[in-house]
Protein chains: 2
Amino acid sequence: MSTKTKILNAAEVLFADKGFNGTSLREITSQAEVNLAAVNYHFGSKKELIKAVMSRYMNELSPRLESALHAICVDEVQPTLNEVFSAFLEPLLHLNTFKDNGTSTFLQLLGRGFTDNQGFLRWFLTTQYPGVFTNFTQAVHKAYPELTSEEMFWRLHFTMGTIVFTMSSSDALIDIAQNDFDREVDIAGVIKQVIPYVAAGVAAPIIR
Amino acid sequence: MSTKTKILNAAEVLFADKGFNGTSLREITSQAEVNLAAVNYHFGSKKELIKAVMSRYMNELSPRLESALHAICVDEVQPTLNEVFSAFLEPLLHLNTFKDNGTSTFLQLLGRGFTDNQGFLRWFLTTQYPGVFTNFTQAVHKAYPELTSEEMFWRLHFTMGTIVFTMSSSDALIDIAQNDFDREVDIAGVIKQVIPYVAAGVAAPIIR
DNA sequence: CCCTAATTCAAACACGCGTTTAAAATAGCC
DNA sequence: GGCTATTTTAAACGCGTGTTTGAATTAGGG
């Protein structure tokens, strides 16, 4: 395995677990068993490494996600919000075949990206992968055309918050749930629980 | 104003804005116009300062919140979930009379507390203020008794995520919303938008 | 007023951080 | 095999961090 790949693999796990600011290059390089200077040699800086970690996942996810959402948009029948959010399921779970725990790791990274670093990753993602956002917005609009764009703006951010926050602490939550309720819980189970929740939230009656 | 209070006032604003890890004691003390060593003299350590900042808000909030939720629990009629979540409104907005921008600051701090520091603040809050959680859980159970405790566990964490994530980036979101939709938005408006969302999410039909 | 306790202050400490350097090792091509 | 370009390595750099120190200053009660 190349040094670059070893660094990316070690970095994504540590970033997901402890955040971008909370993870040092020394932790990453010693976990990856490469020299400290290798990060700056191969990636230029820590910030560029963060982008590279996210891009590796986004490049795998975004085509599948865009096409799933696009399919809903061009379909003749009106979709339900449950169907719109369920469109995320296959692309997200596909990350598990791409990497062990890929789905969980990616969602945790996404959560970190929105809270760490005063949100520079939010900018990076929205500018580098705008297709995901526009297709998603269109699909939601098709499912629930009465929502004004402002109401949709807030509800989509509420939804993002639900997903991203839950996933950034999903390991701890899954641990608690397994102890308290004495049964196996995995990331796919959590996603399946969250879909009806966010779908109902977005579908909530409008108060004007 | 006492040195302790000057430190607390400066710290809460910086913590809310840049996170606990992202704020240095030197920033805090220069903002508060006190000596650097004053933090360790008055609070012992940075970690204790963080706890003190959170406690000042929680001591103001938790009695009002507990009694509002308790009132719902002892009332004879079954509450709606909207009523349960609306019980948060008055106690939260009361923080605005307690301090300028108190509501917004507190909710941002809460958001930081769950994502920074591998969640030691989550432990601090749940152990120091358990009454809020138990009363809340009881009120939700009364409004929606069909939910099993496991389903409730997840939906309450989804709700927490919605609130906490939205509020921890509420300043940025409010800026975007004001530009895009050309109208004034404040924290109370966001809270009123989020209540029907989370109420509908928790009330979502159960998939078994 | 004076003495003691509480507080403030400037300075330094030890440490971890991201980054840079320049030499050593390795790889790949002619 | 020899030469060049790429990669790896150990060491150091400069900086910012939380914390500690001990002296200077300020309050406050007898």
Side-chain angles (χ1 to χ4, degrees), chain A residues 1-56 108-109 112-113 115-124, chain B residues 1-56 108-109 112-113 115-124:
Chain A
M1 194 179 347
S2 75
T3 300
K4 265 182 109 150
T5 307
K6 281 197 278 188
I7 292 173
L8 286 172
N9 288 344
E12 66 172 38
V13 175
L14 289 166
F15 282 153
D17 193 35
K18 317 170 54 159
F20 300 112
N21 292 329
T23 305
S24 71
L25 294 185
R26 283 167 177 81
E27 290 178 88
I28 294 170
T29 52
S30 81
Q31 183 76 31
E33 294 178 313
V34 302
N35 188 273
L36 166 63
V39 170
N40 286 279
Y41 178 76
H42 285 286
F43 295 95
S45 69
K46 183 179 179 180
K47 207 163 197 167
E48 290 298 320
L49 170 63
I50 295 173
K51 287 194 206 171
V53 166
M54 293 307 291
S55 295
R56 196 165 59 148
Q108 289 178 56
L109 288 170
R112 300 297 186 180
T115 50
D116 285 15
N117 287 39
Q118 70 267 6
F120 100 93
L121 249 178
R122 165 182 252 141
W123 168 87
F124 173 72
Chain B
M1 197 181 344
S2 75
T3 301
K4 264 181 109 154
T5 308
K6 283 197 277 187
I7 293 174
L8 286 172
N9 287 344
E12 67 171 36
V13 174
L14 290 165
F15 282 154
D17 193 35
K18 318 169 56 160
F20 300 110
N21 291 330
T23 304
S24 71
L25 295 186
R26 283 166 177 81
E27 291 179 88
I28 294 170
T29 53
S30 79
Q31 183 78 29
E33 295 179 309
V34 302
N35 188 271
L36 166 64
V39 170
N40 285 279
Y41 176 76
H42 286 285
F43 296 94
S45 69
K46 184 181 180 179
K47 209 163 195 167
E48 290 299 320
L49 170 63
I50 296 174
K51 286 195 206 170
V53 166
M54 293 307 292
S55 294
R56 196 166 59 147
Q108 288 178 55
L109 288 170
R112 300 295 185 182
T115 51
D116 284 16
N117 287 37
Q118 69 264 9
F120 100 93
L121 250 178
R122 166 180 253 140
W123 167 87
F124 173 71

- Task: Give the C-alpha distance, both sets of side-chain angles, the deciding distance and a yes or no for side chain to side chain contact (heavy atoms under 4.5 Å, CB included) between B:L49 and B:L8.
- Result: CA-CA 8 Å; B:L49 170 63; B:L8 286 172; 4.0 Å; yes
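- Considering only the side chain of B:S24, D:dG18 comes nearest among D:dT19, D:dG18, D:dA12.
- With rounding to whole Å, B:E27 atom CD is found 13 Å from D:dG18 atom C1'.
- Residues A:I28 and A:L36 fail the side-chain proximity criterion, which asks for heavy atoms closer than 4.5 Å.
- Nearer to the 5' terminus of DNA chain D, by closest-nucleotide assignment, is the contact made by A:V34 (compared with the other of B:K47 and A:V34).
- Put simply, OG on A:S24 and NZ on A:K18 are 7.0 Å apart, with the number rounded to the nearest 0.5 Å.
- For A:K46 and C:dT19, the NZ to C1' distance is 12 Å, given to the nearest whole Å.
- Partner of B:N9 under the side-chain hydrogen bond (donor to acceptor under 3.5 Å, both in side chains) criterion, chosen from B:K4, B:Q31, B:R56: B:R56.
- Minimum atom distance to the side chain of A:Y41 is reached by D:dT7, of the listed C:dT19, C:dA12, D:dT7.
- Mapping B:E33 and B:L36 onto DNA chain C by nearest heavy atom places B:E33 closer to the 5' end of the strand.
- With D:dT20, C:dT21, C:dT19 as the candidates, the nucleotide lying closest to the side chain of B:A37 is D:dT20.
- When every heavy atom of A:K46 is checked against every heavy atom of A:T23, the shortest pair comes out as NZ-O, 2.7 Å.
- One can place NZ of B:K6 at 13 Å from C1' of C:dC9, the figure rounded to the nearest angstrom.
- Note: CG (B:L49) to P (D:dT17) measures 15 Å, nearest angstrom.
- Side-chain nitrogen and oxygen atoms of B:H42 include none within less than 4.0 Å of the OP1 or OP2 phosphate oxygen of C:dA6.
- For the pair B:F20 CZ and D:dT17 P, the computed distance is 17 Å after rounding to whole Å.
- With rounding to whole Å, A:L25 atom CG is found 20 Å from D:dC13 atom P.
- Between the CG atom of A:N40 and the P atom of D:dT9 there is a distance of 15 Å, rounded to whole Å.
- When the nucleotides D:dT19, C:dT20, C:dT8 are ranked by their closest atom to the side chain of B:T3, C:dT8 comes out on top.
- Between D:dT7 and A:N35, no contact under 4.0 Å exists linking OP1 or OP2 to a side-chain N or O.
- A:T23 comes within contact range of the sugar-phosphate backbone alone, with a heavy-atom separation under 4.0 Å but no base atom that close.
- Judged by distance alone with a 3.5 Å cut-off, no donor-acceptor contact links the side chain of B:R26 to the base of D:dG16.
- In this structure, A:F43 atom CZ and C:dG18 atom C1' are separated by 16 Å, rounded to whole Å.
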